[in-house]
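Residues: numbered from 1 along the sequence shown.
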Amino acid sequence: MGKSPTTKDDAQALFHSLRSAYSATPTNLKIIDLYVVFAVFIALIQVVYMAVVGSFPFNSFLSGVLSCVGTAVLAVCLRIQVNKENKEFKDLPPEHAFADFVLCNLVLHLVIMNFLG
């Protein structure tokens, strides 16, 4: 059974609506999105490398992947706090949210460096 034409049209309409909605997103949120995609991409590269080459220093592999994933999670939290449309953090200035992001990243990477041994 092939796909019906309405399914293809619905998918194209959904893609077009998502693209037009994302074009209205502020530039600072797009930069954070790009950073999240980069961090996840680097984590995937590390997983593929481990699958191909091996995982002899397994704690190093875990440190690298957890560093990327943790940084991506913290960046998503930053995006949520900086977003003007989010009413929960309307009283939080963006500078405070960024300072939280930097401090949490510092703590995350100190823990990861400690895990390396």
Side-chain angles (χ1 to χ4, degrees):
M1 283 176 62
K3 292 183 180 178
S4 65
T6 59
T7 304
K8 186 175 181 181
D9 293 338
D10 290 342
Q12 287 178 346
L14 177 67
F15 181 72
H16 179 68
S17 66
L18 287 175
R19 188 173 180 182
S20 63
Y22 192 71
S23 67
T25 303
T27 306
N28 60 347
L29 296 181
K30 289 181 181 179
I31 291 172
I32 295 172
D33 291 342
L34 186 62
Y35 181 70
V36 170
V37 169
F38 174 73
V40 170
F41 180 69
I42 294 298
L44 290 175
I45 287 176
Q46 290 178 6
V47 169
V48 168
Y49 179 81
M50 191 241 2
V52 171
V53 176
S55 65
F56 166 61
F58 191 67
N59 58 344
S60 297
F61 163 71
L62 281 180
S63 295
V65 171
L66 292 178
S67 173
C68 292
V69 171
T71 301
V73 168
L74 290 174
V76 168
C77 293
L78 175 67
R79 187 189 195 284
I80 290 170
Q81 291 177 357
V82 172
N83 191 357
K84 300 282 188 219
E85 295 177 5
N86 193 349
K87 303 299 180 204
E88 291 182 32
F89 298 103
K90 64 180 178 180
D91 297 332
L92 184 71
E95 294 83 10
H96 187 270
F98 185 71
D100 289 346
F101 171 73
V102 170
L103 181 65
C104 290
N105 256 318
L106 182 66
V107 171
L108 171 72
H109 286 92
L110 284 174
V111 169
I112 286 174
M113 293 299 273
N114 187 33
F115 183 70
L116 278 173

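Neither L66 nor L44 shares a network with the other; the hydrophobic side chains, linked directly or stepwise wherever heavy atoms of I, L, V, M, F, W or Y lie under 4.5 Å apart, form separate groups for each. Hydrophobic clustering (side-chain heavy atoms under 4.5 Å, transitive across Ile, Leu, Val, Met, Phe, Trp, Tyr) keeps L103 apart from L78. Both L29 and F98 are members of a single hydrophobic cluster when ILVMFWY side chains are connected at heavy-atom separations under 4.5 Å. The hydrophobic cluster containing V107 does not contain V102, counting ILVMFWY residues as joined when their side-chain heavy atoms lie under 4.5 angstrom apart, directly or transitively.
Listed for the H16 side chain is no donor-acceptor partner under 3.5 Å among the backbone atoms of Q12.
With a 4.5 Å cut-off between side-chain heavy atoms of Ile, Leu, Val, Met, Phe, Trp and Tyr, the cluster of I45 takes in F38, F41, I42. As a member of the Ile/Leu/Val/Met/Phe/Trp/Tyr network built from side-chain separations under 4.5 Å, V53 groups with V48, Y49, V52.
Heavy-atom neighbours of H109 NE2 from other residues, nucleotides or ligands within 6.0 Å: above the threshold of 12. Taking a 6.0 Å sphere around NZ of K84, one finds it holds 12 or fewer heavy atoms contributed by other residues, nucleotides or ligands.
In this structure, L92 and A97 approach most closely via the heavy-atom pair CD2-CB, 4.0 Å. For L62 against F115, the heavy-atom pair with the smallest separation is CB-CE2, 3.9 Å. Residue A39 comes nearest to C68 through the heavy atom pair O-CB, 3.4 Å, listed as atom of the first residue, atom of the second, then distance. Q81 and D100 get closest at one heavy-atom pair: OE1-OD2, 4.4 Å. Here the closest heavy-atom approach between residue F101 and residue L74 is recorded as CD1-O, 3.6 Å. The nearest pair of heavy atoms linking S63 to L116 is OG-CD2, 3.5 Å.
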Problem - Test log, rule side chain to side chain contact (heavy atoms under 4.5 Å, CB included), inputs K30 and L34 - result: CA-CA 6 Å; K30 289 181 181 179; L34 186 62; over 6 Å; no

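From I32, atom CD1 reaches atom OG1 of T25 across 11.5 Å, with rounding to the nearest 0.5 Å. Taken to the nearest 0.5 Å, the CG atom of N28 stands 9.5 Å off from the CG atom of D33. Once rounded to the nearest 0.5 Å, the distance linking OG of S60 with CD of Q46 reads 10.0 Å.
Taking F15 as the reference, nothing meets the ring-ring contact (aromatic ring centres under 6.0 Å, His included) condition, with sequence neighbours excluded. N86 meets the side chain to side chain donor-acceptor pair (under 3.5 Å) test with no other residue; sequence neighbours excluded. Looking at residues two or more places apart in sequence or on another chain, you find no side chain to side chain donor-acceptor pair (under 3.5 Å) involving Y35.
Side-chain contact between S67 and M113: absent, with no pair of heavy atoms (C-beta onward) separated by less than 4.5 Å.
Within the structure, every pair that satisfies the ring-ring contact (aromatic ring centres under 6.0 Å, His included) test and touches residues 51-89, not counting sequence neighbours, is listed here: F58-F61.
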